[in-house]
Structure formats: structure tokens, C-alpha cells
Undergrad: 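Pasting in a structure now, in C-alpha cells, and then I'll have a few things to ask.
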Amino acid sequence: KVEAGSDWNWCQNQPGIYGRVYYTDTQLYSHAVVFNISPASSELYGIDFALTPGGYVAGHVQDNQGNPIANLFVQAGLLNGDCPDCWDSFIGSSTDAQGNYTLGPISPGNFILYACTNCNGQILVSEFYSGTYFASQAQPVPVLSKQTTPNINFALDQGIVISGSVNVPDGYSAAGTQIDVWKLDSNYGTGTRTDKNGHYAIALPPMFDGYWGVAARPWGTDLGSQWAHRVLLSQEQRFDFNLKTGGTITGCITDHGQPVSMGWVNADADVMGQGANVGPDGCYAITNLPAGEYRVRYDNNPEHRYAYYG
């Protein structure tokens, strides 16, 4: 993948004036063209860019009491099309001591803005501009060449704070365990990581009209994940996890003996639901599964029906 432009000109050691873009003309890394370099084709020609000077977005971030929020990370991005609320950010900047930020340079266009409280550990609810928790409902912010779009402000809610701790066996560390939280009847989801002592706290939108899930996922270890499933925030706001050694389910997807190189495999049980992408070789590995009996399902391939193992 090839990119041009940046918020910093490393050659001249000064701020850049062109927003980062990937070939061909996209801000999203996931949408960039992939070039394959091999001994047979070690040189590529005509990978050209026509850059336009970028613009900027500026604003202020405060809590719902009017207090400025310092060191909060504000991001700009685009919907990526993977799902209704799936999006990718491509540039970000932190607020100063007065809660003000300036973001850019950004190539001209319309973008969504996100105030990310989880990025730097603030216990407030993250939100998209203007005042929504869902990327698909975000108000597009126009960016014009050589101009600043002002007053893209945020007033963040304290929300409902859930907290807890992660306990692990001797010889393991609970620090940095991924905590995922999602609302079962919507596309809303968020997450954080435990501190050095295995504790966590995260603010959620005040949505009391449905069930939530909370999971501790110790990626990079052989411990099993654990979840609290179908919980009501009006009744529970503390969730502790005691993780134990887990297992892995592996396999391969084939069609008439040939590997199927796309899709998703999920392992569902009362104790945990977890999945993995199918690799280029048609194989998958679902890790960090606690002891239990699982139903294994393959889906998310437009050319094949979903199927359960067995």
C-alpha cells in the first residue's frame, strides 16, 4: 500500500500541508490498493498522486457540567462499509488544557468526528459529533482546502459507570486484559483494558431498555475468556472475572476439497461466544475458550450458506 501526505513533513522537519491519502484517493488504509512486489515485477510505474492542500477541524470538548476535558483524543474518520456502524479513523489529536483541539491537515471531504474517552482513560461516554453514540448517525463535518471548520464541539455525558476486576492464576498478569461491552439489541459496543492491578472502569450510555454483555478477553495468553451475558444495567454495574486456563478450537473450511478463504467461524456456548476469521488457507483458530460445550458455526461468506459443525 502506498500513501502520500501527512500532518508532518519529515523531509523538511515542519508541519505538513497535505492530508494523508492512500492510492487510489482514499483516506482509509483498509480501502487502499495492495501492490504485490515480486522478483518478476520488482518495479511499478505510474503510482501517481494529485494532492490538494488539506483543511482543519477545530472545537472544544467539555463534560455536561461545562468543565473542559484535557488530553482527550478526537478522531476523524469514515464509515468503511463492513457493517452499518463500522468505521475507521485516519487522524487524531488530543485536547489541550482548556479542552480545545485542532485536527489536520485533512484532505477535503466530509468526515465523522469522534471524541474517544477510552483512548486516554477518561471515565466519560465517548460519542460521535453531534451527540450520538452510533457512527451511522454521526453528522458529517465538511473540510475545505486551506480552511478551518470551527465549533465542532462535544459535551460528554458521565453515563453509567460499570467497573470490576480480573483475577488470574499464579504466574499470569491481569494487567491489560481486554474488557468488551456491548448492547445486545443494537450495534453499540465499546471497550477498555484493565490497569496494572487488574481493575477496570468504563462509562456507558444511559440505555436501560435492553440487555448488555460484558466480557474479559485475555488475548495473547492461554487463559479462557469469560462473559456476563444478558445483564441489565439497572440491576448490575459491577462485573468481576476469575479466569482459568482455556482451550482452542481449530479447523479448515473446504468446498469439494478446495479451501474456502473467507468467512467467520463462531463458537457459541452458555459460558462464552467467540470467533475467528478464516485465513487464506481456509483454516481458523478460535482461542481463549473456557471449558464448556460449544456449537461451531461458519458464516459471513456471500458464496456459501452458513453451516454448523456436525
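Just so you know, these numbers use all the heavy atoms, side chains as well, and skip hydrogens, waters and symmetry mates. In this chain, numbering begins with 1 at the start of the sequence shown.
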Undergrad: Dump the intermediate steps for side-chain contact (heavy atoms from CB on, under 4.5 Å) on Y211 and L232, then the final yes or no.
TA: CA-CA 5 Å; Y211 291 103; L232 293 171; 3.8 Å; yes
Undergrad: Do any N or O atoms from the side chain of N9 and from the backbone of N13 form a donor-acceptor pair under 3.5 angstrom?
TA: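 No, the answer is negative, given that no donor and acceptor are paired below the 3.5 Å cut-off.
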Undergrad: May I have the step-by-step check of ring-ring contact (aromatic ring centres under 6.0 Å, His included) for F128 and W87, ending in yes or no?
TA: CA-CA 11 Å; F128 294 91; W87 73 291; 5.2 Å; yes
Undergrad: With side-chain contact (heavy atoms from CB on, under 4.5 Å) as the test, would you mind laying out the steps for I179 and I202 before giving the verdict?
TA: CA-CA 9 Å; I179 304 295; I202 187 168; 5.5 Å; no
Undergrad: Return the orientation label for the H229 and W227 ring planes: parallel under 30°, perpendicular over 60°, tilted otherwise.
TA: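 The arrangement is parallel - the two ring planes meet at less than 30°.
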Undergrad: A quick test of your reading: do over 12 heavy atoms of other residues, nucleotides or ligands sit less than 6.0 Å from OH of Y306?
TA: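 Open.
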Undergrad: Group every Ile, Leu, Val, Met, Phe, Trp and Tyr by side-chain heavy-atom contacts under 4.5 Å, then state whether L79 and L28 land in the same group.
TA: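 L79 does not cluster with L28.
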Undergrad: Go through the steps for L78 and D88 under the test side-chain contact (heavy atoms from CB on, under 4.5 Å), then give the verdict.
TA: CA-CA 6 Å; L78 288 165; D88 292 324; over 6 Å; no
Undergrad: According to the interplanar angle, ranging from 0 to 90°, do the rings of F111 and F90 count as parallel (below 30°), tilted (30 to 60°) or perpendicular (above 60°)?
TA: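 Perpendicular, since the angle between the ring planes exceeds 60°.
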Undergrad: Could you please spell out the steps behind the side chain to side chain donor-acceptor pair (under 3.5 Å) verdict for D85 and S136?
TA: CA-CA 5 Å; D85 283 292; S136 61; 2.7 Å; yes
Undergrad: State which residue, out of N277, T250, I249, fulfils the side chain to side chain contact (heavy atoms under 4.5 Å, CB included) condition with Y284.
TA: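 Option passing the side chain to side chain contact (heavy atoms under 4.5 Å, CB included) with Y284: I249.
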Undergrad: Using the six-membered ring wherever Trp is involved, compare the ring planes of F134 and Y188 and label them parallel, tilted or perpendicular (cut-offs 30° and 60°).
TA: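 Because their plane-to-plane angle is over 60°, the rings of F134 and Y188 count as perpendicular.
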Undergrad: Any ion pair linking R193 and D180 (charged N to carboxylate O, less than 4.0 Å)?
TA: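 No salt bridge links D180 with R193.
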Undergrad: For a ring-ring contact (aromatic ring centres under 6.0 Å, His included) check, start with the C-alpha distance between Y22 and Y29, then their side-chain angles and the critical distance, and finish with the verdict.
TA: CA-CA 7 Å; Y22 295 93; Y29 179 83; 5.6 Å; yes
Undergrad: Counting only heavy atoms from other residues, nucleotides and ligands, does the tally under 6.0 Å from CG of D25 exceed 12?
TA: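 No, the 6.0 Å shell around CG holds no more than 12 heavy atoms from other groups.
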Undergrad: Within the structure provided, determine whether L223 and V168 are in side-chain contact (heavy-atom separation under 4.5 Å).
TA: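 Yes, side chains in contact.
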Undergrad: Same hydrophobic cluster for Y114 and I152, using side-chain heavy-atom links shorter than 4.5 Å among ILVMFWY?
TA: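 Different hydrophobic clusters.
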Undergrad: Going through the checks in order, is the side chain to side chain donor-acceptor pair (under 3.5 Å) test met by N118 and T190?
TA: CA-CA 8 Å; N118 299 331; T190 186; 2.6 Å; yes
Undergrad: Kindly indicate, with the supporting measurements, whether the criterion side chain to side chain donor-acceptor pair (under 3.5 Å) is fulfilled by D240 and S165.
TA: CA-CA 5 Å; D240 298 320; S165 62; 3.2 Å; yes
Undergrad: Is the closest basic N to carboxylate O distance between D268 and R297 below 4.0 Å?
TA: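 Looking at D268 and R297, the cut-off is met.
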Undergrad: Show the numbers, then the answer: is there a salt bridge (charged side-chain N to carboxylate O under 4.0 Å, His left out) between D209 and K183?
TA: CA-CA 10 Å; D209 59 344; K183 196 168 186 290; 3.3 Å; yes
Undergrad: For atom NZ of K244, decide whether the heavy atoms of other residues, nucleotides or ligands shown that lie under 6.0 angstrom number more than 12.
TA: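 Open: at most 12 neighbouring heavy atoms sit under 6.0 Å from NZ of K244.
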Undergrad: What class does the angle between the rings of F154 and Y101 fall in, given that below 30° is parallel, 30 to 60° is tilted and above 60° is perpendicular?
TA: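 Answer is tilted, since the angle falls between 30° and 60°.
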Undergrad: For atom OH of Y309, decide whether the heavy atoms of other residues, nucleotides or ligands shown that lie under 6.0 angstrom number more than 12.
TA: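 Result for OH/Y309: open.
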Undergrad: Would you indicate whether E293, at its atom CD, is surrounded by more than 12 heavy atoms from other residues, nucleotides or ligands within a distance under 6.0 Å?
TA: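 Not more than 12 within 6.0 Å, no.
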Undergrad: Hey, mind stepping through R217 and Q274 against side chain to side chain donor-acceptor pair (under 3.5 Å) and telling me if it holds?
TA: CA-CA 10 Å; R217 306 187 193 272; Q274 205 142 273; 2.5 Å; yes
Undergrad: How about W8: does its CH2 atom have over 12 heavy atoms from other parts shown lying under 6.0 Å from it?
TA: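 Atom CH2 in W8 is crowded, with more than 12 foreign heavy atoms closer than 6.0 Å.
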Undergrad: Starting from V125, can I reach V214 by hopping between I/L/V/M/F/W/Y residues whose side chains sit under 4.5 Å apart?
TA: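 In one cluster: yes.
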Undergrad: Check the pair I286, V265 against side-chain contact (heavy atoms from CB on, under 4.5 Å), reporting the backbone distance first and the verdict last.
TA: CA-CA 8 Å; I286 306 174; V265 180; 3.9 Å; yes
